[in-house]
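What's counted below: heavy atoms across the whole structure, side chains too, no hydrogens, waters or symmetry copies. For ligands, and for the atoms within them, numbers begin at 1 and follow the listed sequence.
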Amino acid sequence: MNTASSDQLLNDVVMLLCRCISLQKLYFENHPQVNKYQDELKNKLDLFFTTTGHEQLFIGIVDNSFIYEGKKLIGPSVVGKQFMMTAEMLCCGGIIFTHPVGADEMKRFFKIAVSLREPLANIKEARQLLQQNGITQIILANAYEDTSVRALAENKEAWQGKDSAGLLESPTLVYQALFDMVSRAHGAAAVQNSVDLENAMAVSEFMLQFIRDQFSDIMQHVVYPDYDNYTIGHSVRVAALAVYAGIQFGWDNKYLLDLGRAALLHDIGKSGISGDILFKHGPLNAEERYLIEQHCRTGAEILLSHDDATPLDITAAWGHHLRYDGKGYPPQPDFVTLHPVTGILHICDVFEALTAVRPYKEAITPKEAYAIMMHDKGAFHPALLASFIHIVGLYPPGTFVTLSDNRTATVIRAGTELDRPAVRILRDKQNDDTSDQKSGYIVDLSHPEHQNISIARLDLRYIGQ
Ligand SMILES: [Fe+2]
Ligand SMILES: [Fe+2]
C-alpha cells in the first residue's frame with residue numbers, strides 16, 4: 001500500500017474520531033448521526049489495520065497537536081480540540097487502538113469521553129475506568145516523550161487549508177472547533193485573565209475559509225440551542241455573520257481575519273460575570289444591569305493586557321453595544337466617531353440575539369427581527385442595516401424552508417430578491433431524501449425559470465430533528 005493512501009486512511013480515522021466526540025456532545029446517545037459516524041470509524045479503523053498490516057494504531061497528542069509516527073497532523077489538530085480535551089480529562093498523552101476494536105467497546109469509550117467534566121486524578125484512575133467498562137482494545141498512552149516531535153509541535157504554524165481537503169466537508173467539526181476556542185478563551189479569561197490570541201487567529205483563518213465556501217452549512221449548526229453555554233454559541237454566530245457580511249462587502253482577507261478574531265472574542269468580558277446573572281430568566285435589577293453592561297469595559301481591559309491584541313480586538317469588545325445615535329453602552333463623549341466594525345457587530349449581535357433560542361425565549365423569524373431593528377430609530381447605521389438585510393435576506397443561509405410545491409430545502413445563499421434565495425432541496429415532493437445529491441439539486445428562486453415556486457414556510461427547527 002502506498003504512503004499516500006495510508007496517510008489518507010489515518011487522516012480519515014483521526015477526523016472521524018474527532019467527529020464522533022463532537023457529535024456525541026451535540027446529539028443524544030444513539031442518535032442516527034452518532035451511530036452512523038461510529039460505524040464509519042469502526043470500518044475505517046478495520047481498513048487501516050488490514051491494509052497497513054499493523055496491529056496497533058497510536059495517535060499521540062503533544063502541545064495541542066496530534067502526532068503520528070513523528071509527524072504533526074496539522075488539519076485534524078485544528079478541529080480536533082474535543083478529542084484533545086478528552087485526552088486531557090483522561091490524563092494521557094495519546095490513545096492506542098488495538099485490532100480489533102468492537103463496535104460496543106467504541107460506543108462505551110465515547111460515552112465515557114463525553115461524560116467527563118473535569119480531569120481524572122491520574123492516568124491510573126483513567127485506565128481503571130476504561131477497564132471497569134470492559135474497554136480493553138482502546139489503551140491510554142503515557143505522555144508523549146519524543147523530543148524531536150515536541151520541537152516540531154512548538155513550531156506553531158497557522159493552518160493554511162491545504163493539507164487536508166476532507167476537512168472542509170465537516171461543518172460539525174468546524175462549528176465544534178469554533179465553539180471550543182471561544183469556550184476555552186472564556187474559561188482562561190475568567191481564571192487568569194489570559195486569552196490564547198494566537199490560537200484564536202488560527203481558528204479565525206479556518207472560519208474564514210469555511211464561510212467562503214459553506215456558510216450555510218455552518219449556520220445550520222449554529223442554530224443549535226446551547227442553553228448552558230449560549231454566550232459561546234452567540235459569539236460563534238455573531239462572528240460567522242460578521243465575517244460573512246465582510247466578505248459580501250468585499251473587505252480584504254487580512255481585515256476579515258482580524259474581524260473574525262475580534263468578533264469571536266467580542267463578549268470575552270462576560271467571562272467574569274456570574275451565571276446567575278447572565279442566565280437569569282426574569283428582568284434584571286439596576287445592579288445586575290450595571291454588572292452586565294460592564295462586560296464591554298472588562299473585555300477591553302482583558303484584551304488590553306495582551307501585547308498581541310490588535311486595536312480591532314479591543315474596539316470590538318469595547319464598542320459592540322454602541323448605537324449609531326451615540327447612545328448605548330459604555331457611555332461615550334460626543335466627539336467619538338463610531339468604527340464601522342462596531343456598527344456591523346452591533347447589528348450582528350442584536351440580530352443573533354433576536355433570532356436565537358434562549359433559555360427564557362423562543363427564536364423569532366429574521367423578518368420579525370428586521371422589523372424590530374428598523375423600528376428602533378437611531379440604533380443602527382441605516383445604510384449598514386439595509387446592506388445587512390440585503391445580504392442575509394429574509395431566509396438566511398442555513399435556515400430550513402418548505403417550498404410552495406411542498407419540497408423541503410435549506411437556504412444556501414440570499415437571492416437578488418429578499419424572499420427568493422437559492423436553496424438546496426432536502427426532500428422532494430414524494431418526501432424522498434435527496435440531501436446527498438448536492439449538485440443538481442440547487443434551486444435558485446431568483447432565476448426566472450423558478451418564478452412559479454416560492455417559499456411557503458420558514459421552519460424554525462434544529463439540525464438533526
Ligand atoms: Fe456584548
Ligand atoms: Fe454579544
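- Listed by chain and number, the residues in a side-chain hydrogen bond (donor to acceptor under 3.5 Å, both in side chains) with Gln38 are Gln24, Lys107 (sequence neighbours excluded).
- The tally of protein N/O/S atoms under 2.8 Å from the Fe ion (ligand 2) stands at 4.
- Under the 3.5 Å distance criterion, the side-chain polar atoms of Arg420 are left unmatched by any main-chain donor or acceptor of Asp444.
- The Fe ion (ligand 1) is closest to atom NE2 of His295 (considering only N, O or S atoms).
- The closest side-chain donor-acceptor pair between Ser204 and Arg261, if any, does not fall under 3.5 angstrom.
- Remark: Arg407 engages Asp405 in a salt bridge, criterion side-chain N to carboxylate O under 4.0 Å.
- Just one of His320, His266, His186 meets the ring-ring contact (aromatic ring centres under 6.0 Å, His included) condition when paired with His295; it is His320.
- Residues Val203 and Val182 have side chains not in contact (no heavy-atom distance under 4.5 Å, counting atoms from C-beta outward).
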